[in-house]
S.K.: 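The structure's right below; bear with me while I get my questions together.
So you know, we letter chains A, B, ... as the sequences are listed, proteins then strands, and number each from 1.
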Amino acid sequence: MKFDVQALDKKWQQYWKENKTYATADDTSRPKFYVLDMFPYPSGSGLHVGHPLGYIGSDIVARYKRQQGFNVLHPMGFDSFGLPAEQYAIDTGVHPSESTAINTARYREQMDTLGLSFDWDRSVNTSDPNYFKWTQWIIGQVFEHWYDRDAGLARPVSDLVAHLETHGTRQLQAAQTEGLDVSAEEFAAMDEKQRSDLLMNYRLAFRSVSYVNWCEALGTVLANDEVKDGRSERGNHPVEQRPMLQWSLRITAYAERLLAGLDTVDYSEGLKAQQINWIGKSTGALVHFDIEGHQEQLDIFTTRPDTIFGATFMVIAPELELVDRLTTLEQRKEIDDYLAYVGRRSELDRMSENKVTGAFTGAYALNPLNGARVPIYIAEYVLKDYGTGAIMAVPSDDDRDKRFADKFGIEVIDVVDKRDYPGATLKDKVGKLFNSDFLNGMDVPEAIAAATDRIEALGRGERQVNFRIRDLVFSRQRYWGEPWPIIYDADDVPRLVPEDQLPVTLPEMEDFRAVSGASPLERAEQWVNTPDGRRETDTMPATAGSNWYYLRYMDPHDDEAFVSKESVDYWQDVDLYVGGAEHAVSHILYSRLVHKFLFDIGKVPTREPYKKLLNQGMIGGPISYVHLGILLTDDGQRHPIWIGSDVAEGTPLAVAGIGTGYLVLDESTGTRLTPLRFVTETSVNNETSFRLYHSSVEEAQKLEHQDAAYFRTILQQAGAFAWETDKEGRPYLELSVEQGKMSKRKYNAVNPDDICARYGADCFRMYEMFLGPIDQAKPWSVSGIDGVYRFLRRFWGLYVGTGDQLSVSEEAGSREELKILHTLIKKVSVDIEKLSFNTCVSAFMVATNELLKLHCNKREVLEPAVRLIAPFAPHLAEELHRALGGEGSVHHAAWPAVEEEYLVEDNFTYPIAFNGKTRLTLDFPADATKAEVEQGARAHTQVQGYLEGKHIRKVIVVPGRMVNFVIG
RNA sequence: GCCGCUAUGGCGGAAUUGGUAGACGCGCUGGAUUCAAAAUCCAGUUCCAUUGGAGUGUGGGUUCGAUUCCCACUGGCGGUACCA
């Protein structure tokens with residue numbers, strides 16, 4: 001038998017596939033363990049070395065649990081609906097289903113190459129009609145339910161109708177789009193359409209006109225998490241806010257439960273914090289202000305009702321309809337001008353320049369506590385979406401209000417005395433109230449309660465909890481997604497497609513382009529027009545399929561339900577979920593939402609989908625390309641500079657030898673930045689800088705290249721750079737290398753296949769684990785993989801002699817050898833549980849080195865070692881296991897048990913410290929008493945040398961730990 | 001700004017949760033083997049000083065003893081941002 005990694009990989013991968021070694025049994029007698037990886041979107045570029053990090057980690061856990069006798073569910077599937085495949089189709093004419101099938105096959109092949117133990121018979125694919133039938137079914141259920149705040153759960157819409165028939169909206173505590181007041185009589189008088197519209201106000205999947213993120217370039221609306229810095233996450237296109245009629249999911253109904261549930265799950269603090277942030281709960285009060293000369297009131301939300309006596313003006317969001325009604329004749333022009341200005345400002349403008357702007361409406365509100373007359377302004381710093389879209393402004397205790405008051409010359413009334421809290425900022429909730437009537441002398445927290453009590457007593461408001469989270473916009477004007485299972489009848493009443501008619505599949509189309517907000521599906525006339533009415537033409541976002549997929553794996557071929565009751569009762573939830581932190585907010589939050597909904601309607605037995613979540617760290621690649629940017633210096637000069645890829649325009653920079661300024665558009669090329677991609681050839685592993693030679697710039701210019709035009713500009717401007725000369729006299733620039741996320745776009749992706757082909761899958765797996773803690777970000781570097789390869793060869797060498805013959809002896813292992821084995825068993829078992837895979841690998845190395853030193857070849861020691869390494873190096877372990885005569889696959893062989901007796905030490909080596917500094921070590925029997933150790937240590941000649949001429953103040957002896965002499 | 005994570009040799013990282021800092025691996029140095037190279041094996045490798053000292057981003061503190069706990073900073077990474 002030879003150490004031929006390529007042959008071993010091939011042999012055993014083939015065997016596992018043919019024998020379905022990793023098939024999950026429907027054996028409910030054994031305890032279950034569910035290890036799940038976030039399924040990938042199968043992009044055209046395949047896996048890079050960053051992907052497998054999590055897959056390998058979860059695979060190790062799956063194999064370990066399997067060997068421990070758990071019935072392990074470890075599936076993999078594909079999130080195959082989504083924008084990129086559609087965009088690719090538009091660009092190339094290849095149908096998304098075709099490109100998806102090709103990419104999926106490639107991913108599967110790459111995963112098999114890594115020796116991952118997935119049960120492929122349970123694989124799911126979100127664009128498969130047999131799968132999305134159930135995505136549509138679930139959304140249909142969401143549509144058929146409303147949220148009862150009294151009961152704290154989702155209830156069928158039929159219950160709501162019953163309530164409306166008897167009580168109208170009275171006593172209805174429902175999550176709703178807007179507060180409505182309808183009596184039972186009025187409800188009874190409504191026709192179908194009116195009722196449908198009314199119910200829409202309460203459905204958990206509902207249609208409404210609201211401001212949404214519209215992306216012109218993609219021709220679709222986007223969810224908040226698909227927008228980064230005012231641009232689309234996919235494609236980096238500008239996004240604007242537009243009022244549109246869209247489907248949404250009422251996630252706000254679940255905000256409180258999504259928050260509370262975080263206490264019951266094992267997620268990292270960082271991840272919990274992100275979710276908490278996103279949900280954004282804040283407790284305060286809703287206060288009604290009268291408006292002078294108007295019937296209606298101005299409602300505001302504040303977390304600081306205590307500062308109400310310092311409210312010297314009100315601000316409302318420019319978008320509110322109220323603005324128009326409040327504006328006086330004299331102020332009309334000013335307000336109209338301001339509204340026009342706001343209309344021109346994009347999200348991007350707002351973010352990049354944070355200016356103080358606003359306009360006075362001419363109207364006045366009346367302070368409900370002291371009747372003070374306060375002017376009402378509009379300003380863009382007040383957001384229409386948060387709270388009521390209006391605030392009482394207290395310039396004495398809020399930075400933004402202060403800036404506004406300063407600019408518009410508005411009075412400031414100090415109401416909180418913060419002299420006792422030096423360093424406290426305006427917003428900190430500390431200090432004593434003054435200038436505040438009945439609140440005077442109170443501390444802020446007390447005053448908040450007192451002010452709220454008074455406001456409630458006067459009927460001028462009530463306590464309120466506000467959330468930052470917005471309802472989830474759930475329709476897309478795209479082709480490649482699940483069609484909404486809705487048909488509008490002749491009266492335009494939306495009706496759910498009955499279950500027996502699901503799935504609603506996509507029509508075949510030639511051209512998927514969305515035209516000005518109209519879904520491409522609208523052009524599929526035959527498909528749209530059904531005997532029952534017109535089909536909804538919007539599709540669902542990619543998250544629709546991914547937020548419940550973990551349930552489908554439990555019962556992937558069920559035709560009767562998305563998951564059978566028996567299956568979900570057995571598998572319950574995911575024990576360990578592994579995936580990238582980039583999905584920390586959206587994906588996890590949305591699947592928690594859907595899970596809670598399914599819990600409410602009795603379809604799942606657990607309240608949370610994922611017990612424990614592990615975010616693997618990103619493996620960065622060196623971004624070995626640079627950009628040309630233009631630095632506009634403070635003196636108005638423009639200088640070309642080299643910058644990293646992540647520097648955005650407008651960034652202030654200080655460049656040595658040039659000066660300070662900020663980055664501007666490269667007008668000569670009309671692009672934002674100019675990428676230089678040709679430097680990738682340079683090996684930049686482990687370097688912090690690399691040399692860009694002038695000659696390579698010239699060469700690149702000659703290439704047939706999409707960026708060729710840019711290179712000319714670069715050469716023209718190259719003179720501005722500080723070229724240095726190397727030993728051979730060639731001019732070069734010293735450029736820094738930055739680490740960044742691997743992606744095809746950045747030309748820094750490393751393909752795992754190449755590494756597996758060269759070193760074998762086992763080596764690749766162990767090397768990725770050896771890189772460091774799995775949850776930490778780290779740069780990819782191939783240096784060091786040789787060390788792991790050498791280790792595997794040495795490990796192999798324990799079993800197989802120089803003549804490629806098995807050289808294992810049946811002789812009993814020595815106590816020393818068995819100690820090495822059992823130390824290893826303990827270390828690896830504990831560390832896998834801790835998900836500390838890097839230390840497992842080094843434990844294997846240590847044990848191997850020690851056993852080699854002892855020339856150990858005893859079966860008693862080596863046979864269990866094979867079972868230990870099996871989760872890490874499955875191919876090599878399987879080969880050795882069979883060679884040793886093992887029955888069946890090593891991956892079903894029992895995990896070795898620790899025998900503590902071998903770990904007991906006769907002696908303990910005590911560190912002997914003087915004033916805390918360790919100077920020497922001494923051996924004493926492990927069971928020596930404190931006094932014995934102290935006596936023995938004092939008697940030692942070397943110790944006496946240290947003690948000579950010194951006064952011993954104290955001796956600390958901790959048995960089994962250390963000895964410390966405190967001397968002076 | 002706010003939130004979270006993080007900082008240890010030339011590099012990736014380890015340290016039983018307050019008890020021998022630098023495990024393991026890379027790299028480097030020297031040696032063996034070889035005609036030679038690769039591969040392999042052996043020894044060394046935190047820094048400074050020929051004995052001894054210093055040392056886990058910085059400054060303080062608690063302790064017999066601190067990489068670990070507390071306080072105040074600084075840098076890096078990630079998230080988020082007129083959220084009232």
Side-chain angles (χ1 to χ4, degrees), chain A residues 228-229 268-278 280-282 284 300-304 307 315 350-351 354-356 379-383 385-394 397-401 403-404 425 427 466-469 581-582 584-585 615 617-618 620 685-688 739 741 766-767 770-773 775-788 790-791 793-794 797 826-827 830 836 838-849 852 909-921 953-958 960-967:
Chain A
K228 292 262 139 53
D229 299 328
S268 72
E269 282 309 307
L271 197 125
K272 283 187 186 180
Q274 276 186 53
Q275 296 230 343
I276 291 168
N277 254 322
W278 193 262
K281 178 178 179 174
S282 69
I300 60 103
F301 174 73
T302 179
T303 56
R304 295 297 302 275
T307 61
V315 188
R350 276 197 182 200
M351 283 181 202
N354 190 345
K355 286 199 276 189
V356 179
E380 57 179 342
Y381 83 89
V382 172
L383 307 176
D385 289 328
Y386 189 78
T388 59
I391 62 162
M392 67 172 197
V394 184
D397 287 275
D398 184 284
D399 296 300
R400 296 151 308 175
D401 297 346
R403 284 169 59 197
F404 193 89
T425 62
K427 298 200 74 164
N466 239 299
F467 293 94
R468 195 190 80 110
I469 193 169
E582 64 269 28
V585 175
N615 284 127
M618 184 180 86
N685 275 340
N686 276 343
E687 303 291 333
T688 52
Q739 296 289 331
K741 185 180 177 175
M766 290 193 95
Y767 179 60
F770 192 53
L771 237 35
D775 55 354
Q776 239 165 63
K778 46 194 136 321
W780 170 257
S781 146
V782 81
S783 71
I785 195 166
D786 290 314
V788 176
R790 271 196 283 271
F791 152 72
R793 282 243 300 262
R794 286 154 63 84
K826 188 168 187 180
K827 177 75 177 159
V830 169
S836 173
N838 55 326
T839 51
C840 290
V841 178
S842 69
F844 280 116
M845 291 174 169
V846 171
T848 303
N849 290 344
L852 277 175
T909 306
Y910 281 85
I912 312 297
F914 300 90
N915 289 340
K917 298 272 178 201
T918 305
R919 297 301 178 205
L920 68 147
T921 59
R953 288 188 187 159
K954 205 173 177 184
V955 184
I956 315 272
V957 179
V958 183
R961 282 268 193 241
M962 43 59 71
V963 178
N964 188 17
F965 288 93
V966 185
I967 54 179

S.K.: Across nucleotides 37-60 of chain B, 5' to 3', mark each nucleotide with B, S or - according to how protein heavy atoms within less than 4.0 Å reach it.
M.R.: --SSS-------------S-----
S.K.: With a 4.0 Å cut-off on heavy atoms, is A/T921 in touch with a base, just the backbone sugar-phosphate, or nothing at all?
M.R.: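 Since a base atom lies under 4.0 Å of A/T921, the category is base.
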S.K.: State the syn/anti category of B/rG9 according to its glycosidic angle, syn meaning within 90° of 0.
M.R.: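 Here the answer is syn: the torsion falls within 90° of 0.
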S.K.: Between the protein and nucleotides 21-24 of chain B, which nitrogen or oxygen pairs come in under 3.5 angstrom?
M.R.:
residue: B/rA21; atom: OP2; partner: A/T918; partner atom: OG1; Å: 3.4

S.K.: Is A/L771 touching bases, backbone alone, or none of the nucleic acid, heavy atoms closer than 4.0 Å?
M.R.: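 Here A/L771 touches the backbone only, sparing every base.
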S.K.: For the side chain of A/M962, counting heavy atoms from C-beta on, which of B/rA84, B/rG19, B/rC82 is nearest?
M.R.: B/rG19
S.K.: A/N849 and A/R794: side-chain donor and acceptor closer than 3.5 Å?
M.R.: yes
S.K.: Heavy-atom nearest nucleotide on RNA chain B for A/P773 versus A/D385: which residue maps closer to 5'?
M.R.: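 Result of the comparison: A/P773.
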S.K.: Check every atom of B/rC83, B/rC64, B/rU17 against the side chain of A/Y386 and return the nucleotide holding the closest atom.
M.R.: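 Ranking B/rC83, B/rC64, B/rU17 by closest atom to the A/Y386 side chain puts B/rC83 first.
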S.K.: Given B/rA84, B/rA81, B/rG13, which nucleotide is nearest the side-chain atoms of A/R468?
M.R.: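 Minimum distance to the A/R468 side chain belongs to B/rA81.
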S.K.: For RNA chain B, which ranges pair as stems of 3 or more consecutive Watson-Crick or G-U pairs, with both donor-acceptor distances under 3.5 Å?
M.R.: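 Stems found: B:1-7 with B:74-80, B:10-12 with B:24-26, B:27-32 with B:40-45, B:46-48 with B:52-54, B:57-61 with B:69-73.
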S.K.: Checking contacts here: which listed nucleotide (B/rC64, B/rU20, B/rG79) is nearest the side-chain heavy atoms of A/P911?
M.R.: B/rU20
